[in-house]
> 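Below is a structure I'd like to ask you about.
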Amino acid sequence: MLRVYLMVRELIIQSTGLTKAYGSHIALDSLDIKIEHGSTGLLGPNGAGKSTFLKTILGLIQLTSGEGEVLGFDIRTQGPQIRQKIGYMPEYDALNPGMEAIHQVRYSGELIGMNPNVALQRAHQALEYVGLGEQRYRQVSTFSTGMKQATKLACALIHDPALIIADEPSNGLDAQSREFMLNTLETTVNHGQRSVLMASHLMDDVERVCENIVLLHKGKLAAQGKIEDLKAIDKEVEIHVWGSAGKLEEIMRDNGMKVRREGRIMRVGHKGDTTYNEILEAALKAGSQIRRMHDHEATLEDLFLVIMERLGHEAKGSEDLLGDL
């Protein structure tokens, strides 16, 4: 009972039957979503409804039916209050190239009602936080992609929001800038005690920053929860095979085992305590040698592909589905 109470108390976003229709097109279909305080990845293929969901929870568009709250505010009637409590880092270019970074960030603070002097002070702090303290008086037009992304994050953080929505924050960054961006988001969650809702097609980045995911598909909720809990649903055993790999795969499939094969490496669905013995018996029958066998540590990429496969998609990787968000 205590656990349920704590989960409800810590919800930052929740919806019941959230539906948005554009004529006959259903963009969001009866979403029951619960997002807890912390870090959450928002995933889904093109057309899944992610953008519509974000606009709806920000109170920018009216929902057709259902209800929802963000940070305790009603998305139907309290959009301005929600937007004052949220820092939004858009994917698209939202900066004025002719402005110096310090004034771009200051202006973002003034737009949400901050006193100009306070906004200027906070702008210095925000740019220092994202690693641009020494470049704050440079024009945005002279910045690299990584520096522009960091400036957008500073704009989102200037008013110390309870929730940061980061849309493709590491997209297009080089390795060093990407690492700094992810570290900054992690610090914001773990040490700043703020929540982050991160939309990204880069599975490694989502898994690095986020503890939870919400996966949308055709406007419906396909999965939600802690990444580790969801990955445990489809445990696999990885085996490295020498000789007669094709025959071994055939025998295991005939025995009702789920097999994913890449050359001599196979991943076999974990059916329980007998899985290892069943694999060895099949290998003996096929005349194959098992050079290595261990429980496979699933990734978010694996989880995503399993879920999308169950929904009828065939994709070799998440890039096939999420490449053009």
> Quick test of your reading of the model: are D93 and K152 salt-bridged, counting only N-O distances below 4.0 Å?
no
> Looking at F53, I'd like to know if the NZ or CZ of K55 sits under 6.0 Å from its six-membered ring centre while staying within 45 degrees of the ring's axis.
no
> By the side chain to side chain donor-acceptor pair (under 3.5 Å) test, which pairs, at least two apart or in different chains, include something from residues 117-133?
R122-Q125, H124-R136, Y129-T188
> Please walk me through it: do Q193 and H191 pass side chain to side chain donor-acceptor pair (under 3.5 Å)?
CA-CA 5 Å; Q193 296 299 303; H191 299 290; over 6 Å; no
> Partners of D295 by side-chain contact (heavy atoms from CB on, under 4.5 Å), sequence neighbours excluded?
V237, H270, Y276
> Any salt bridge between E211 and K226, counting N to O under 4.0 Å?
yes
> Check this for me, if you would: do E110 and R106 make a salt bridge, where the nitrogen-to-carboxylate-oxygen distance has to be below 4.0 angstrom?
yes
> Under the side-chain contact (heavy atoms from CB on, under 4.5 Å) rule, collect the residues that match up with K85, sequence neighbours excluded.
L71, F73
> With a 4.0 Å cut-off on N to O distance, would you call R260 and E236 a salt bridge?
yes
> For Q289, give me all partners under side-chain contact (heavy atoms from CB on, under 4.5 Å), at least two apart in sequence or on another chain.
W242, R291
> For residues I279 and M257, determine if any side-chain heavy atom of one lies less than 4.5 Å from a side-chain heavy atom of the other.
yes
> Out of curiosity, L43 CG to L216 CG, how far, rounded to the nearest 0.5 Å?
8.5 Å
> Quick one: do K218 and D29 make a salt bridge, cutoff under 4.0 Å?
no
> Under the side-chain contact (heavy atoms from CB on, under 4.5 Å) test, which residues partner D174, sequence neighbours left out?
Q176, S177
> Applying salt bridge (charged side-chain N to carboxylate O under 4.0 Å, His left out), name anything that partners D167, two or more places apart in sequence or on another chain.
none
> Establish whether L127 and V140 are linked, either directly or via other cluster members, by ILVMFWY side-chain heavy-atom contacts under 4.5 Å.
no
> Keeping S108 on the side-chain end and Q104 on the backbone end, is there a donor-acceptor pair under 3.5 Å?
yes
> Testing R264, R261, K258, R267 one by one against E249 for a salt bridge (Lys or Arg N to Asp or Glu O under 4.0 Å), which residue passes?
R261
